[in-house]
Amino acid sequence: MQQPEGPQVSREASIRAARLHALGFVGPAADPVLEKYAAAVANLAAAPVARINLVDDQRQMFCGLYIAPSLNRGSVSYHEEISRRREAPLGQGYCIHVVDHASPLVLNDVSQAPREAENSIFDRGIRAYLGVPLTDGLNTVLGTVCVMDFEPREWQDRHLDELNGISRVLTVEIASRERKISERVRIFETFDASSHPVFVTRTDRLHIAYSNPRFRRLFEEEESSTSGVQIFRDAGILDQLKGIHASADTDRHDGVQMAAQARCGEFIFVAQRIPGRSPNEVIAVGVEAERIGEVGAHLHELVSQTAEMLY
């Protein structure tokens with residue numbers, strides 16, 4: 001009689017994984033916004049451990065994580081490992097129950113719940129758990145907002161209300177993030193159709209993360225996708241870009257003008273760091289050298305506005 005439940009759960013997990021991927025949560029990396037809210041949750045509940053836990057179809061991802069610096073109970077090595085890896089199997093802990101049932105879970109004393117006490121996280125010292133669903137604007141459960149303690153404790157109604165309040169705030173944050181992603185996609189679609197060569201470099205290693213068709217036609221040989229990088233390295237442009245990347249922790253947003261030789265002549269590129277992006281990204285847009293006097297000011301303005309829109 002229970003057999004239909006398996007495919008249903010699998011389908012919901014696939015939908016959840018697809019939503020997380022669309023929102024840019026593709027791995028268990030720390031997210032600055034979620035980190036902030038995890039710390040806030042821990043403070044509100046006076047709990048030593050708090051997580052903003054995103055659950056896809058394969059694992060739990062602790063993209064927001066707070067572990068009290070003074071933690072000296074339970075298995076410290078386990079929490080050091082969690083801090084480093086930021087992920088756990090689906091069945092470890094109690095968040096999967098919150099996700100599957102789309103409802104809060106209150107465990108004042110795990111040892112008094114035989115089924116929950118069999119979970120491997122019990123062996124790590126966890127004795128109390130409180131978690132609520134984290135949903136997006138489509139009411140898809142993406143994960144949990146949860147706190148844990150190493151001693152049994154009576155969670156109060158106010159603790160549940162506070163977690164639900166943070167969850168609602170995060171739902172709004174997720175909707176805002178989705179709008180920004182949609183706008184970013186629209187901008188790159190515009191780049192794809194642009195007559196200007198456009199590229200984006202990422203981190204101080206200067207990996208070209210994106211280049212539009214116009215750039216590839218001008219700077220890349222058909223048999224080698226890296227020739228554009230080599231041309232820019234030979235021209236010293238990548239060294240100039242390194243300076244822009246290195247300035248990511250300052251207020252520097254000024255455009256930098258650079259020259260590169262394409263097959264059909266010289267192009268001038270205006271480059272600018274995309275503020276707030278992590279990993280650091282720099283966008284560069286080019287124009288034929290003989291047109292720089294005609295469109296130079298407009299190009300600088302275009303790059304500046306685009307960098308801010310991509311933020």
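As a basis for the values below, the full set of heavy atoms in this structure was taken, side chains included, without hydrogen atoms, waters or symmetry mates. Quick caveat, the model's predicted, so the values are computed rather than measured.
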Out of curiosity, [X] [atom1] to [Y] [atom2], how far, rounded to the nearest 0.5 Å?
X	Y	atom1	atom2	value
Leu170	Tyr37	CG	OH	6.0 Å
Asn53	Gln60	CG	CD	4.5 Å
Arg51	Cys95	CZ	SG	6.5 Å
Thr140	Ile15	OG1	CD1	7.0 Å
Leu299	His196	CG	NE2	6.0 Å
Glu87	Arg59	CD	CZ	5.0 Å

Between [Y] and [X], is there a side-chain heavy-atom distance shorter than 4.5 Å?
X	Y	result
Thr144	Tyr94	no
Val98	Tyr129	yes
Gln112	Leu107	no
Phe191	Thr306	yes
Leu160	Trp155	no

What residues form a salt bridge (Lys or Arg N to Asp or Glu O under 4.0 Å) with Arg186, not counting sequence neighbours?
Glu183
Salt bridge (Lys or Arg N to Asp or Glu O under 4.0 Å) against Arg153, all qualifying residues, sequence neighbours excluded
Asp149
Considering non-hydrogen atoms only, spot the tightest contact between [X] and [Y] and give its length.
X	Y	answer
Pro133	Ser167	O-OG, 2.7 Å
Gly27	Cys63	O-SG, 3.8 Å
Ala128	Val110	N-CG2, 4.0 Å
Ser14	Asp57	N-CB, 4.4 Å
Ala307	Ile283	CB-CG2, 4.3 Å
Asp56	Arg16	O-NH2, 3.7 Å

Salt bridge between [X] and [Y], side-chain N to carboxylate O under 4.0 Å?
X	Y	answer
Glu288	Arg214	yes
Glu178	Arg19	yes
Glu173	Lys180	no
Glu162	Arg158	yes
Arg177	Asp31	yes

Would you check if the side chain of Thr171 reaches a backbone N or O of Gly137 as a donor-acceptor pair within less than 3.5 Å?
no
Polar side-chain atom of His159 near backbone of Gln156 as donor-acceptor pair, under 3.5 Å:
yes
hydrophobic_cluster_shared for [Y] and [X], side chain cutoff 4.5 Å:
X	Y	answer
Val41	Val106	yes
Val132	Ile52	yes
Val147	Val169	yes
Ile187	Val270	yes
Met148	Leu44	no

Is it true that the NZ or CZ of Arg86 lies under 6.0 Å from the centre of Phe62's six-membered ring and within 45 degrees of the ring axis?
no
Show your reasoning for whether side chain to side chain contact (heavy atoms under 4.5 Å, CB included) applies to Tyr66 and Val49.
CA-CA 6 Å; Tyr66 174 84; Val49 179; over 6 Å; no
Going through the distances and angles, do Tyr210 and Phe188 end up as a ring pair (Phe, Tyr, Trp, His ring centres under 6.0 Å)?
CA-CA 9 Å; Tyr210 165 84; Phe188 278 97; 4.7 Å; yes
Give me the other members of the hydrophobic cluster that Val99 sits in, counting Ile, Leu, Val, Met, Phe, Trp and Tyr linked by side-chain heavy atoms under 4.5 Å, directly or via other members.
Val55, Leu90, Ile96, Val141
Parallel under 30°, tilted from 30 to 60°, perpendicular over 60°: which one fits the rings of Phe269 and Phe215?
perpendicular
Exactly one of Val145, Leu65, Leu54, Leu134 clears side chain to side chain contact (heavy atoms under 4.5 Å, CB included) with Leu34, and that residue is Leu54
